[in-house]
Amino acid sequence: MDQGKRKLLKRAAGLGACGLLGFNVPYVFAKKTHTVRVLGTHVTLQAALKEQAQKDLGINLSFEPKGSAAVLQKAAMSPESFDLYEQWSNSINVLWYTGSIQPIEKKRLRYWDEINPLTKTGRVQPSASIGAGDAPYKLLHVQPDGSLSNQETELISYLPYVHNVDSFGYNTNVIEPGIPYKTESWGWLLEEKYQGKVAVVNAPTIGLFDLALAAQAQRLMTFGNIGNITNQELDQLFKILSEYKQRGHFSGFWTSVPESVDFMKSNRVVIESMFSPAVSALNGQNVPVIYAAPKEGYRGWHGVMCLSSHTQGAVKDAAYEYMNWWLSGWPGAFIARQGYYISNPQRAKNYLSQDEWNYWYEGQPAASDLAGTDGQLSVKKGEVRTGGSYLKRFSNVAVWNTVMPSYDYSLQKWYEFIN
């Protein structure tokens with residue numbers, strides 16, 4: 001194994017047959033049900049989605065959900081173990097350059113022309129900021145020399161589908177509500193008045209940026225490019241953070257959404273890194289948490305669906321059908337009810353009520369109580385989604401989840417800090 005591949009596999013560990021004649025095809029498809037193995041996280045590998053897809057497509061799906069680091073490590077080292085990979089765009093560089101995934105043909109994607117500009121141009125609208133780091137459009141198209149870039153070709157490295165912006169949540173019983181995009185700030189994570197009541201997500205490609213944004217907002221340091229932090233800048237950042245930790249500033253570092261919910265619900269913390277479903281869960285349990293719209297901008301993430309380099313033949317055909325299904329409308333509506341977006345939202349709109357669409361995508365007050373993916377109350381009448389509309393939120397991305405050139409060093413510094 002060459003040194004480059006060894007390095008990429010190290011990064012992964014840190015992160016988390018059909019030769020049939022034409023007239024035989026209908027007969028074989030009618031008699032044989034193919035199984036597509038999907039490796040990913042609990043974000044998209046949900047039982048309700050699996051059940052609906054199998055019903056709609058007539059295929060079998062085998063879901064293998066894991067934590068983000070374990071998912072990436074397995075995909076990088078064992079591409080023969082899956083057919084489709086579902087995670088986030090910051091895993092693309094690792095998977096592509098280890099040869100774990102193959103190009104996807106745009107001509108086989110039924111709804112490609114409906115996919116909005118976010119992953120095609122980097123901006124959901126012309127006035128939007130692109131955001132630092134691994135903005136997904138930079139990694140989308142496969143070039144003739146095998147590299148990835150934003151230069152359009154007929155081959156892509158991933159299917160764009162689920163995405164969202166992340167920030168932090170805070171308990172309004174303790175912290176006075178701020179003004180979205182004006183007073184709410186990543187710097188609040190390092191406010192001394194919240195000492196001992198702060199938590200951060202334990203993920204070096206995510207929590208690191210939350211704390212870097214916080215340090216910069218507090219004017220404790222600045223970065224030349226926050227999406228490509230240098231080793232020297234990492235040394236400075238972790239010196240600052242270690243001083244905070246020694247003073248007992250951080251209550252904990254969570255590794256799952258349920259854990260983050262428990263931190264806030266038990267009053268262990270009053271402010272922490274959060275993902276959208278955790279905020280919805282807490283609000284449903286009458287814990288008054290606001291999901292901040294930081295004036296510095298959000299940390300963005302984009303889901304990617306990738307095709308294993310080992311998948312061929314009829315299973316590959318079935319995998320394409322599953323990819324197309326994800327953009328067919330129903331799945332996009334389903335994940336909207338947990339606060340996530342889909343790359344062709346207008347088709348999902350057909351499966352949402354007008355009240356749901358107005359709340360989740362348009363940023364309008366809920367005209368009625370709205371249910372989540374579990375059918376339970378998620379949004380109460382009159383509530384407004386923090387940060388506003390889809391266009392507004394994705395026009396304010398500060399940085400994307402990113403695997404930086406300094407990733408190996410940042411991983412070392414992160415775990416020194418955590419431990």
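Just so we're clear, the structure is a prediction, and the values are computed from it rather than from any experiment. Just the heavy atoms: all of them, side chains too, but no hydrogens, waters or symmetry mates, feed the values below.
- Evaluation of the salt bridge (charged side-chain N to carboxylate O under 4.0 Å, His left out) test over residues 47-64, restricted to residues two or more places apart or in two chains, returns Glu64-Lys66, Glu64-Lys74.
- Note on residues 318-327: pairs passing salt bridge (charged side-chain N to carboxylate O under 4.0 Å, His left out), not counting sequence neighbours, are Arg110-Glu321.
- Aromatic ring centres of Tyr161 and Trp326 lie closer together than 6.0 Å.
- Residues forming a side-chain contact (heavy atoms from CB on, under 4.5 Å) with Asp374 (at least two apart in sequence, or on another chain): Gln376.
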| message | Checking Asp317 against Arg108 for the salt bridge (Lys or Arg N to Asp or Glu O under 4.0 Å) test, could you report, in this order, the C-alpha distance in whole Å, the side-chain angles of both residues, the deciding distance, and whether it holds? | response | CA-CA 9 Å; Asp317 294 339; Arg108 297 188 66 174; 2.8 Å; yes

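- A donor-acceptor pair under 3.5 Å links the side-chain atoms of Trp96 to the main chain of Gly146, judged by distance alone.
- Note that Arg37 lies outside the cation-pi zone of Phe82, set by a 6.0 Å cut-off to the ring centre and a 45° limit from the axis.
- Side-chain contact check for Ser251 versus Lys197: every heavy-atom pair is 4.5 Å or farther apart.
- Gln102 contributes no side-chain N or O that, together with a main-chain N or O of Leu307, makes up a donor-acceptor pair within less than 3.5 Å.
- For the pair Pro288/Asn283, no side-chain contact is recorded, criterion being any heavy-atom separation below 4.5 Å from C-beta on.
- In this structure, the ring of Trp301 has its center less than 6.0 angstrom from the ring center of Tyr340.
- A centroid separation of less than 6.0 Å is found between the aromatic rings of Phe250 and Phe417.
- Under a 3.5 Å cut-off, the side chain of Asn90 and the backbone N or O of Ala135 do not form any donor-acceptor pair.
- No salt bridge links Lys381 with Asp355; every basic N to acidic carboxylate O contact stays at or beyond 4.0 Å.
- Checked by atom type and distance alone, the side chain of Tyr85 never pairs as donor or acceptor with a backbone atom of Val38 at under 3.5 Å.
- To the nearest 0.5 Å, atom SG of residue Cys306 and atom CG of residue Leu159 are 9.0 Å apart.
- The local environment of NZ in Lys265 is sparse, with at most 12 non-hydrogen atoms from other residues, nucleotides or ligands closer than 6.0 Å.
- To the nearest 0.5 Å, atoms OH (Tyr407) and CG (Leu411) are separated by 4.5 Å.
- Taking 4.0 Å as the cut-off between side-chain N and carboxylate O, Glu154 and Lys107 do not count as a salt-bridged pair.
- In this structure, CG on Leu140 lies 11.5 Å from CD on Gln151, to the nearest 0.5 angstrom.
- A search for salt bridge (Lys or Arg N to Asp or Glu O under 4.0 Å) contacts involving Asp134 returns nothing, not counting sequence neighbours.
- A donor atom on one side chain and an acceptor atom on the other are not found under 3.5 Å apart for Thr373 and Arg337.
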| message | Is there a side chain to side chain contact (heavy atoms under 4.5 Å, CB included) between Asn344 and Asn116? Walk through the geometry before answering. | response | CA-CA 6 Å; Asn344 58 339; Asn116 72 21; over 6 Å; no

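- Defined by atom type and a distance below 3.5 Å, a donor-acceptor pair is present between the side-chain atoms of Tyr291 and Asp166.
- For Phe275 and Trp254, the ring centers are positioned less than 6.0 Å apart.
- Using modelled atom types, one side-chain atom of Ser395 and one backbone atom of Leu391 make a donor-acceptor pair closer than 3.5 Å.
- Taking the ring centre of Phe209 as origin, the terminal cationic atom of Arg299 falls outside the region bounded by 6.0 Å and 45° from the ring axis.
- Applying the salt bridge (charged side-chain N to carboxylate O under 4.0 Å, His left out) test to residues at least two apart or on different chains, the pairs with a partner in residues 409-419 are Asp235-Lys413, Lys413-Glu416.
- At distances below 3.5 Å, not a single donor-acceptor pair connects side-chain atoms of Lys295 with backbone N or O atoms of Ile179.
- Side-chain contact annotation: Glu272 with Ser260, donor-acceptor N/O pair under 3.5 Å absent.
- A donor-acceptor contact closer than 3.5 angstrom is absent between the side chains of Thr255 and Asn202.
- When only modelled atom types and interatomic distance are considered, Thr44 and Glu86 share a side-chain donor-acceptor pair under 3.5 Å.
- Under a 3.5 Å cut-off, the side chain of Tyr158 and the backbone N or O of Pro103 do not form any donor-acceptor pair.
- Side-chain atoms of Asn164 and Arg393 include a donor-acceptor pair closer than 3.5 Å.
- Ser389 places a side-chain N or O within 3.5 Å of a backbone atom of Lys392 that can act as its donor or acceptor partner.
- A donor-acceptor pair shorter than 3.5 Å can be found between the side chains of Asn358 and Gln354.
- Applying the ring pair (Phe, Tyr, Trp, His ring centres under 6.0 Å) test to residues at least two apart or on different chains, the pairs with a partner in residues 359-392 are His163-Tyr390, Tyr341-Tyr361, Tyr341-Tyr390, Trp357-Tyr361, Tyr361-Tyr390, Tyr390-Phe394.
- Proximity of Leu61 to Thr35: side-chain heavy atoms (C-beta onward) are nowhere separated by under 4.5 Å.
- Between the side chain of Ser100 and the backbone N or O of Ala75 there is at least one donor-acceptor pair closer than 3.5 Å.
- Within the cation-pi definition used here (under 6.0 Å to the ring centroid, within 45° of the axis), Lys138 does not qualify as a partner of Trp400.
- In this structure, the side chains of Val287 and Asn171 come closer than 4.5 Å at one or more pairs of heavy atoms.
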| task | Could you walk me through whether Lys380 and Asp369 pass salt bridge (Lys or Arg N to Asp or Glu O under 4.0 Å), step by step? | result | CA-CA 5 Å; Lys380 297 176 183 177; Asp369 290 345; over 6 Å; no

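- With salt bridges taken as basic N to acidic carboxylate O contacts below 4.0 Å, none links Lys349 and Glu356.
- Trp330 and Phe334 have parallel rings, their planes meeting at less than 30° on a 0 to 90° scale where 60° marks the start of perpendicular.
- A donor-acceptor pair under 3.5 Å links the side-chain atoms of Ser309 to the main chain of Gly99, judged by distance alone.
- Tyr194 has its ring centre no less than 6.0 Å from the ring centre of Trp188.
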